[in-house]
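Step one of this worksheet: look at the structure below.
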Amino acid sequence: FIPLWYFQGTERMRLPLTVVVTARGLAAALTLILVRTPVDAWKVLALDALGTSTAAAITTIMLARRVPLQLAAPREILHVLLSNGRLFVLNAAANVYSTVGLLILGALVPRYQVGLYSGAERIGRGIVTLFSPLGQALYPHIVNDLRQDPERATHTVKRTLMVFVATALVMQLAVIT
């Protein structure tokens with residue numbers, strides 16, 4: 001749980017975004033440095049968890065300094081869970097979808113190959129998540145620009161896309177070499 005939604009809504013994304021990107025970036029870099037053999041597979045999970053947990057802890061502390069944190073009453077929690085059941089089903093379906101591929105692959109090829117595939121997939125997914133906070137930070141500004149200056153919004157989207165693609169290419173070259 002990383003509370004970027006709050007900072008996005010208040011349009012104060014710079015520091016939280018820096019925290020998230022730095023924590024996840026360091027975790028991804030350490031993964032590329034420390035994972036060398038299949039025996040190191042556990043390090044992928046540990047580093048991913050460490051990066052995400054660090055970002056979540058720091059941004060939650062930042063949130064708590066702005067808004068007092070309160071525990072919800074059990075009745076409120078139950079109401080929210082029941083009224084948002086579709087969202088939970090959708091998330092569960094997405095998780096099942098991403099796991100089914102590994103189950104099918106596990107039935108067809110040796111475990112070693114499944115492990116290699118799974119590790120590469122997790123590393124790829126981790127790198128992709130580096131970009132999501134940037135998109136979240138830009139979203140309110142692009143929406144504002146669409147209302148006030150659609151041409152500027154188009155320019156921002158094109159420029160951002162070029163930066164994302166260039167960064168992805170550099171990262172791919174770093175992984176390949």
Side-chain angles (χ1 to χ4, degrees), residues 1-33 44 47-70 72 76 79-81 83-99 101 119-177:
F1 171 77
I2 298 176
L4 286 181
W5 50 268
Y6 169 80
F7 297 104
Q8 183 180 16
T10 59
E11 294 189 18
R12 294 179 182 156
M13 288 290 291
R14 186 170 303 214
L15 184 57
L17 180 64
T18 301
V19 167
V20 171
V21 169
T22 301
R24 288 181 174 171
L26 285 173
L30 287 171
T31 300
L32 294 173
I33 293 167
V44 175
L47 290 168
D48 181 53
L50 180 65
T52 301
S53 299
T54 301
I58 293 171
T59 55
T60 300
I61 290 168
M62 292 168 60
L63 174 63
R65 288 183 178 166
R66 295 180 186 274
V67 178
L69 299 179
Q70 300 175 357
E76 291 177 60
H79 172 71
V80 169
L81 289 174
S83 64
N84 292 293
R86 291 185 198 129
L87 179 63
F88 293 114
V89 170
L90 181 63
N91 283 336
N95 287 329
V96 168
Y97 174 76
S98 67
T99 306
E121 182 186 38
R122 285 183 184 273
I123 290 169
R125 230 183 297 144
I127 291 171
V128 167
T129 62
L130 287 173
F131 291 105
S132 65
L134 298 171
Q136 289 176 330
L138 289 171
Y139 178 75
H141 300 291
I142 292 170
V143 169
N144 255 347
D145 286 350
L146 277 172
R147 289 186 197 134
Q148 297 171 4
D149 187 359
E151 192 173 309
R152 181 175 172 190
T154 302
H155 176 71
T156 301
V157 169
K158 286 180 180 178
R159 190 176 62 208
T160 303
L161 185 60
M162 287 191 308
V163 169
F164 279 13
V165 168
T167 304
L169 289 173
V170 168
M171 292 174 91
Q172 284 181 340
L173 289 174
V175 170
I176 291 172
T177 56

Once rounded to the nearest 0.5 Å, what's the spacing between atom CG of Leu90 and atom CG of Asn84? 12.0 Å

For Leu169, check side chain to side chain contact (heavy atoms under 4.5 Å, CB included) against everything at least two apart and list the hits. Val165, Gln172

If every non-hydrogen atom of Leu4 is compared with every non-hydrogen atom of Met13, which pair is closest and at what distance? O-SD, 3.8 Å

Write out all pairs satisfying ring-ring contact (aromatic ring centres under 6.0 Å, His included) with one or both partners inside residues 139-177, taking only residues at least two apart or from two chains. Phe131-Phe164

Under 3.5 Å, which donor-acceptor pairs do the side chains of residues 53-60 form with other protein atoms, sequence neighbours left out?
unit_1 : atom_1 : unit_2 : atom_2 : d
Ser53  : OG     : Ala49  : O      : 2.7
Thr54  : OG1    : Leu50  : O      : 2.7
Thr59  : OG1    : Ala55  : O      : 2.7
Thr59  : OG1    : Ala56  : O      : 3.3
Thr60  : OG1    : Ala56  : O      : 2.6

Please collect all salt bridge (Lys or Arg N to Asp or Glu O under 4.0 Å) contacts where either partner lies in residues 47-68, sequence neighbours excluded, each pair once. none

Output all residues satisfying side chain to side chain contact (heavy atoms under 4.5 Å, CB included) with Asp145, sequence neighbours left out; order by chain, then residue number. Arg152, Ala153, Thr156

Expected list for residues 19-26: side-chain donor-acceptor pairs under 3.5 angstrom, two or more places apart:
unit_1 : atom_1 : unit_2 : atom_2 : d
Thr22  : OG1    : Thr18  : O      : 2.6
Arg24  : NH1    : Thr129 : O      : 3.0

Non-neighbouring partners of Tyr6 that pass ring pair (Phe, Tyr, Trp, His ring centres under 6.0 Å), sequence neighbours left out: none

So CG of Leu17 and CZ of Arg12: to nearest 0.5 Å the spacing works out to 15.5 Å

